[in-house]
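Please read the structure below before turning to the comments.
Chain A is the first sequence line, chain B the second, and so forth, proteins listed ahead of strands; every chain is numbered from 1. When reading the values below, keep in mind they use all heavy atoms of this one structure, side chains included, and skip hydrogens, waters and symmetry mates.
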Amino acid sequence: MLKKLDEFQVGETGLIKMVEGEGRIRRRLFDMGVTPGATVYLRKKAPLGDPLEVTIRGYELTLRKNEAHLVILEVKEDQ
Amino acid sequence: MKRFALAGNPNCGKTTLFNSLTGSTAHVGNWPGVTVEKKDGVYKKLKEPISIIDLPGIYSLSPYTPEEVISRNYILDEHPDCVINIIDATNLERNLYLTTQLLEINVPVIVALNMMDVLVKNGDSIDVESIEKKLGVPVVSISALKEDNLEELMSRALEASNQPREGKTIISNKDLLHLIGDVRIAFEGQKVENPLFHAIKLVEKDELETKMHPDLIPMVEAFKKTFNDETFGNDFEAVIADSRYQFISSNFHNSVKRKEVEIVEDKKHKKHKESKSDRIDKVLTHKVFGLIIFAVILFLVFHFTFSENLFYLGKIFENNGIAPSFEGTIYEGLFWTDKGINSPGVMLFNFFDMSFSALIGDDVPGIGMGVIRSGMINALGEGHWFTGFVCDGALNGLFAVLGFLPQILFLFLFFSIMEDTGYMARVAFILDRIFRKFGLSGRAFIPMIMGFGCSVPAMVNTRTLADDKERTSTIRVIPFFSCGAKLPILVAIAGGILQVFHAGNVDVITYSMYAVGIAAAIITVLIMRHTTLRGETAPFIMELPEYHWPQFRSLMIHLWDKAKHFVKKAFTIILASTIVVWFLSNFGWNWHYLDGDISNSMIAGLGQFIQPLFTPLGFGSQLNQFGFVFAVAAIAGLIAKEDVIATFATLAAIIVVSPEMVPIIESIEDGDVASTSVMIAGTGITWQGCIAFIAFNMLTIPCFAACATAKAELPKGKFKWTLLFWIVTSYVGSSAIYLFLSMFDASSYVWAIPSFAGLAVLAAVAIYFVRRYNKSHPIVGA
């Protein structure tokens, strides 16, 4: 099932399929390791619901829902 | 001398390595982007001295923040003899992404695998040789913190620097390599240095690159049409980023050997095992408690630094002789007073302040006149100008400022701890949602909160903000977060209002004035972000570093840096300006020494000249013949905010003896009449005018030192507008407050209500037109 990162629930894991958008923001996402093929785990949301904290490529990254909206993932089902 | 540049991700230990290599005092912090300028030092342990340059942390060579441009330009344009690429061995994957780009430049590169001590402690091991083989450049494992293996790193770097290295790429897609090859040939034809690097960046559609070489874009675009990758189509940016990560994960996946296989297995099942850092984080960024914990921490920081009634134990300790009160000596009230126990910050402040006054004071408990002052009077006789110059002019101003050093350092110590442990990054994470409402990101919070201590370091801290417009607006509102030096203005005038008008409450007035400052910051940021500094809120994509204990050494280095900076400033700008003020207030236009007769001084003349300007603010021409003092005090505050109350004290001493003042002073009930009360009663100012005066001082041009910092930190050409912004904000803001408060007074509502209504209508009309304009002119390029 494909889903955008801002629609993820806390605790869900997904595999990045595509990063939308263009220009600097997309570039920055790539540089921070948010590229197709990477596994993302939504660790938590900030107390006011935004931004998000994810684990990616072995480190913690925070990004807003606006930016997370650009990231499309395949949801990994828990076994 | 050979130059080696340190490059690497933020938080990989670059600055720690720099400090270890050079023994320098560069600041280290656990906040992404602490090295905001390049710093250099010298490494002396090889046969030749080597210059080491510490560059701001970068995630890639396509820069994102202004500070990241510094790194890219240095490596490309300044031709360092070797680039030492520092890599956090505990997070190879993301760190090596930058390495793949550095390898494309024609420069010797050596990789330093840092944090080996942490890796070993976790029981993991790393195959250094295989990494070296696959990258094709020397790799040395080090620990910057423990200073392990640094000699080997440097001697191999020196070796590497002796042989030129041709840039090469790890991109393996044949079609893409073909295109890159063509662009490279075109660049070579134009005699561009580092043709391979620039070719790849152009194919990646890098912002800087496309601006520099628009002529070659058609070639890339033409090729793009023929290109079709299975997964990414012709999206070169994605293809290249993907191939870098592909290269890393396929080659280095097995380079790190985890201690026990079971843990890996375990991870697969449980997905994410909780580390200590995770557990701490769970509490500190908790949904409900996160914000509360932050508020409590912040309160404690200020409480420890500024409170004169620690933990509100005042009543318990009242005069029971538990602690020495030093009554009747120069250190009377050092540890505690009738109000309560002093916080550590206040104790240190008192210690400095009392020691200084024992040198130059006029009436010091226990010893009477200060040592230097009495010595000079004995030598020169009463009323000599030189005594005044040394004690009241130069030293008084210098000590007034130096006295704040302990409290400022205290505040820094707390903020450094928060920064080093990684908590500051979480604060930005927690608060981002709130700040976005005002067009700023959560990152802007830290400099603002530092403003409560002192604007100077707060303004320097804005360098970690990615967006220029966000930076400019943050720097402009930092002075509204009332700094330590403005606090005496609040307290003294609030006390005066109470004594003269028998109204109000010092605490309530003080807190509301803090709130006025914050409100002014919010309103003006909103205005700026909708008018002169329009722009999308900068994206918020930031690493959250792991929590760790602060390092004592780096904390001390940080504090030492700040103290040095502050003392240097006190002895230069501030010393010079206090001398000027002293001269202006003690000499008349005929250049004769006045010995206290301030009303004939040059500063009084200047004050009376500008006094009418302050009429709409309630402390202008409606006051009597002494009314100029408010104008003078406000102007003196431009040098240092401490000068406002100091000016009152000087002037009150003269005014109080004039015959028309005697009945007024007697009408004030309390025996002990504060100098501020004399000023208020003697000038005929209303309480509304007093509040407006506080507001004016809080919102207007900050002190000299803050202005100098703002000028250095703001983008070119913005400083003069910033000065204008401060003048306009303070003028409009405090007139509005004066009008608003006057509406509640029987004697003045007749004119106050219509004037305030007029202002409100004007503001509404302005908001309407700005919104209409903004709607029809959306932000381009966002």
Notebook entry, point to check: Is there side-chain contact between F429(B) and K44(A), with heavy atoms separated by less than 4.5 Å?
Noted result: yes
Notebook entry, point to check: Side chain, backbone, both or neither: which part of E204(B) has a heavy atom under 4.5 Å from chain A?
Noted result: both
Notebook entry, point to check: chain A heavy atoms under 4.5 Å from Y97(B): which part of the residue, side chain, backbone, both or neither?
Noted result: side chain
Notebook entry, point to check: Does the side chain of R27(A) come within less than 4.5 Å of E207(B)'s, by heavy atoms?
Noted result: no
Check: Side-chain contact, heavy-atom cut-off 4.5 Å: D235(B) with R26(A)?
Finding: yes
Checklist line | Which atoms of S249(B) approach chain A - backbone, side chain, both or neither, heavy atom under 4.5 Å | finding: neither
Check: Looking at V19(A), L52(A), V34(A), which has the largest count of heavy-atom pairs under 4.5 Å with chain B?
Finding: L52(A)
Check: Any side-chain heavy atom of R28(A) sitting closer than 4.5 Å to one from Y59(B)?
Finding: yes
Next item on the list: Side chain from CB out, backbone as N, CA, C, O: work out which of these in E237(B) comes under 4.5 Å of a heavy atom of chain A, or both, or neither.
Entry: both
Check: Tell me, side chain or backbone of D88(B) under 4.5 Å from chain A's heavy atoms, or both, or neither?
Finding: neither
Next item on the list: Taking salt bridge (charged side-chain N to carboxylate O under 4.0 Å, His left out) as the test, write out the residues that go with K65(A), two or more places apart.
Entry: none
Notebook entry, point to check: Going by an N to O cut-off under 4.0 Å, is there a salt bridge joining D467(B) and R24(A)?
Noted result: no
Item checked: Residue among E67(A), E53(A), R57(A) with most heavy-atom pairs under 4.5 Å to chain B -> R57(A)
Notebook entry, point to check: How many angstroms lie between atom CD1 of I541(B) and atom OG1 of T62(A), to the nearest 0.5 angstrom?
Noted result: 9.5 Å
Next item on the list: With rounding to the nearest 0.5 Å, note down the distance linking OH in Y59(A) to CG in N11(B).
Entry: 11.0 Å
Notebook entry, point to check: Is there a side-chain contact between L291(B) and L48(A), using heavy atoms and a 4.5 Å cut-off?
Noted result: yes
Item checked: Top of L98(B), L92(B), D281(B) for chain A proximity - count of heavy-atom pairs under 4.5 angstrom -> D281(B)
Next item on the list: Evaluate the side-chain proximity of I56(A) to R94(B): yes if any heavy-atom separation is below 4.5 Å, no if none is.
Entry: no
Next item on the list: Just give me the residue among K205(B), R433(B), K287(B) that pairs up with chain A most often, heavy atom to heavy atom, under 4.5 Å.
Entry: R433(B)
Next item on the list: Look at G49(A), G58(A), G33(A), A38(A) and state which one has the largest set of heavy-atom pairs under 4.5 Å with chain B.
Entry: G33(A)
Checklist line | Closest-packed option against chain B by number of heavy-atom pairs under 4.5 Å, given N66(A), T35(A), L63(A), D50(A) | finding: D50(A)
Checklist line | D31(A) versus S60(B), closest heavy-atom pair with distance | finding: OD2-OG, 2.6 Å
